[in-house]
> 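If you scroll down you'll find the structure; I have some questions about it.
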Amino acid sequence: MLPDTERTINAEPILDVRNLRTHFFTDRGVVKAVDGVSFQLYPGETVGVVGESGCGKSMTAASIMRLVSHPGRIVGGEILFMGEDLVRKSEREMRRLRGNQLAMIFQDPLTTLNPVLKVGRQITESIRVHAGDDREDGGFFGWLRRLLDPSGRISRKEAWDRAVDLLRQVGIPAPDERMRAYPHEMSGGMRQRVMIAIALACNPVLLLADEPTTALDVTIQAQILELMQDIKEKRGTSILLITHDFGVVSEFCDRVIVMYAGKIVEQAPLDELLDNPRHPYTQGLLASIPRLGDKSHKVRPIKGIVPELHDLPPGCSFSTRCPLADEYCGRVEPELEEIAPGHLVACHKVDATAAGAKGA
Amino acid sequence: MNIAQVITRLLQLIPVIIGVTFIVFSLMYLTPGDPVEVMFGGEGAVSEEDLARIRRELGLDRPFFEQYLRFLGGLLRGDLGMSLVQRQPVARLIAGRLPATIELTAAAILVSLVIAIPAGVISAVRRYSTIDKLGTLGTLLGVSMPDFWLGLVFILLFGITWKVLPISGRMPFGMEPEHVTGLFVVDAVLTRDWVALKTALRHLALPAITLGTSMAALTMRVTRSSMLEVVQQDYITFARAKGLSGTQVVLGHALKNALIPTVTVVTLNIGILLGGNMIVESVFAWPGLGRLVVDSIYNRDYTVVQAAVLIYAITYVTMNFLADVLYTVLNPRVRF
Ligand SMILES: Nc1ncnc2c1ncn2[C@@H]1O[C@H](COP(=O)(O)OP(=O)(O)OP(=O)(O)O)[C@@H](O)[C@H]1O
Ligand SMILES: [Mg+2]
């Protein structure tokens, strides 16, 4: 379901990330994992984030959840979620949002579900934890009461029934039985469905999905994507989908963000990006995908590796690997500029890339 | 793990234990020194012929294997032989000492857990904080201070300088609660003898704290490092992403995983302590198994030492088995 351009432009964004910077303060120096990232996500929209390993995709999502852990820290920028800046929220305010309006799923469901707790407990917990939110009172006794009884309004039985229902919704057969299983007793696809059920427990407005299909084999991947498509259509959840896989992006996303070394280098509606990629890095990424049954297509991997994030070259980060880079690129950092409606590119050579976009 | 697996595992213990009895018996057999001479003291008191006759009566002149089989047969009937010095059945001597050791072990484990688990968890969760640094310092001290020294310091401070706690024995003579289990604390509670309870606890305090603190050091170390590993796991991040608070994540998600190695260490430690800690029991004149063994070694009371070594070995093997069972109970991923 592609939202029509009208709606996208008229509606208020659900998520408006402005100049987000998340750095890690390590012994080897400051790692700029996310460095000046800005983008919007509109209601019902699915935006893909792609880029090589280590370019800051997961840290962007972790920053939005405010789950960046030591030695990392959000050092600047704003994250407006439904109009409110998450960067300024207290930990307690964030807790009310997490798993509630704002949910996240991760790559490997085997390591993401707690191995020693039964699946049922892990789902009911996410239902119950937010049922008690509105009696959140301060002080030691409030803390103690929440600890002993995380939910004042929902009984165990009620939470259990809702959890069973959730499992049914994400397509798990015999959900009642599954509630009593441990994660390791399930298949990878089942576990991923459980994780999605947990994320959906409180009907989130925004779902951050960090490579939700990477750990699964291809047929299961397709099933999980279908499930997510279904969720998107039925619930209208906005999704930020992080992935390595352009195949997933082209099937699932309305818009695409391409990241490189902590920055967005290109951003465009899906078709525009696939037909007319303008950043040399995006072009390289697309050229490095093998195509099934097309022997004339030669896979051309991008030369070199992602530079160390604590020791970036001055100027354009991609200049060390870019076939078009000249002395100017190595000196001056390009700004993200809109070259067509909704199509943003950060490259000095953007005029030169247009012709070479296809087949070159 | 199901019952059948537990039973299989238990049956596997039998050959191990038989092996242990063989080794213990051989060691005692090969140890130089003549038990009959020990029994009848110095030279001259009993004639050579009499000694030879007693040896024959005790079966000490029989071949090695015959003696071993007799020993094994006695074990099966619960007969650990006669004490050479005290002229009583060894089994009765040991049974008399066991409650004191069990009580001390339980108290020491309790002390160590109360210190180690919170300290280990907090210092992992608040890594590099003041609490963590104090904890590390504490473990260092705990590991490097020998028990006897710590015991003596406690005796000096609490017993002699401040005179607040008794420093020797389990109970003044005649104050014991009515005998039910032999564990004074338990018996006092069962018979509602509050005076005896208070006295028993006061006597337990110093030896239990001495033993407990040195155990706490190791337990805390293990808890801290496993907790550090656990809090980095994806499922912890995911639990936080559900909206759980830090405390809820630690208590509800991290602890159960982090305690798996701790439980193993503590169980094995119980196995060691149940043998009776010779040093601490000696320092505090605690009438447990450890002291019995020390005394018996001095008196060359071979049969008692032999029985005690056997009990140590069997307790340790059993605790090992228990640790394995607990490990699988706590960790549903493991099946054996
Ligand atoms: N704990 C940490 N300490 C130091 N640097 C870190 C830490 N965690 C992440 N980083 C840095 O942040 C950068 C971005 O990491 P991130 O996980 O966002 O990459 P990613 O794009 O999600 O990669 P992948 O595709 O492999 O998941 C990495 O290059 C890494 O060096
Ligand atoms: Mg990642």
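Below, chains carry the letters A, B, ... as their sequence lines are ordered, and counting in each starts from 1.
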> For the atom pair NZ (B:Lys242) and CD1 (A:Ile198), what is the distance rounded to the nearest 0.5 Å?
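If we round to the nearest 0.5 Å, B:Lys242:NZ and A:Ile198:CD1 are 4.5 Å apart.
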> Less than 4.5 Å apart, side chain to side chain, heavy atoms only: is that true for A:Arg98 and B:Leu244?
no
> Locate the shortest heavy-atom distance separating B:Asn257 from A:Pro115; write the atom from each residue and the value.
OD1-CG, 3.6 Å
> Output a table of donor-acceptor pairs, distance under 3.5 Å, between side-chain atoms of residues 114-128 of chain B and any protein atom two or more places apart or on a different chain; print 'none' if there are none.
| from | atom 1 | to | atom 2 | distance (Å) |
| --- | --- | --- | --- | --- |
| B:Ser123 | OG | B:Ala119 | O | 2.8 |
| B:Ser123 | OG | B:Gly120 | O | 3.3 |

> Below 4.5 Å from any heavy atom of chain A, which atoms of B:Ile260 appear? Answer side chain, backbone, both or neither.
side chain
> Taking everything shown except B:Leu165 itself, do over 12 heavy atoms lie less than 6.0 Å from its CG?
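Enclosed.
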> Rounded to the nearest 0.5 Å, what separates atom CG in B:Asp234 from atom CG in A:Leu113?
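So the CG of B:Asp234 and the CG of A:Leu113 are separated by 10.0 Å.
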> Closest approach of A:Val129 and B:Gly243, non-hydrogen atoms and distance?
CG2-O, 3.8 Å
> Hey, does A:Thr112 have a side-chain heavy atom less than 4.5 Å from the side chain of B:Phe238?
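Counting from C-beta outward, B:Phe238 and A:Thr112 do come under 4.5 Å.
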> Who passes side chain to side chain donor-acceptor pair (under 3.5 Å) against B:Thr223, sequence neighbours left out?
B:Thr262
> A:Met94 versus chain B, heavy atoms under 4.5 Å apart: side chain, backbone, both or neither?
neither
> Got B:Thr237 and A:Phe106 here, is their nearest side-chain heavy-atom distance under 4.5 Å?
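B:Thr237 reaches A:Phe106 side chain to side chain.
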> Does a side-chain heavy-atom distance below 4.5 Å link B:His253 with A:Leu117?
yes
> Please answer whether the main-chain N or O of B:Pro332 pairs with a side-chain N or O of A:His184 as donor and acceptor at a distance below 3.5 Å.
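Yes; at least one donor-acceptor contact below 3.5 Å.
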> Relative to chain B, which segment of A:Gln122 carries a heavy atom at a distance below 4.5 Å: side chain, backbone, both, or neither?
both
> For a quick test of reading the model, state the closest non-hydrogen atom pair linking B:Gly252 to A:Arg121 and the distance between them.
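Between these two residues, the closest heavy atoms are O-NH2, 3.5 Å.
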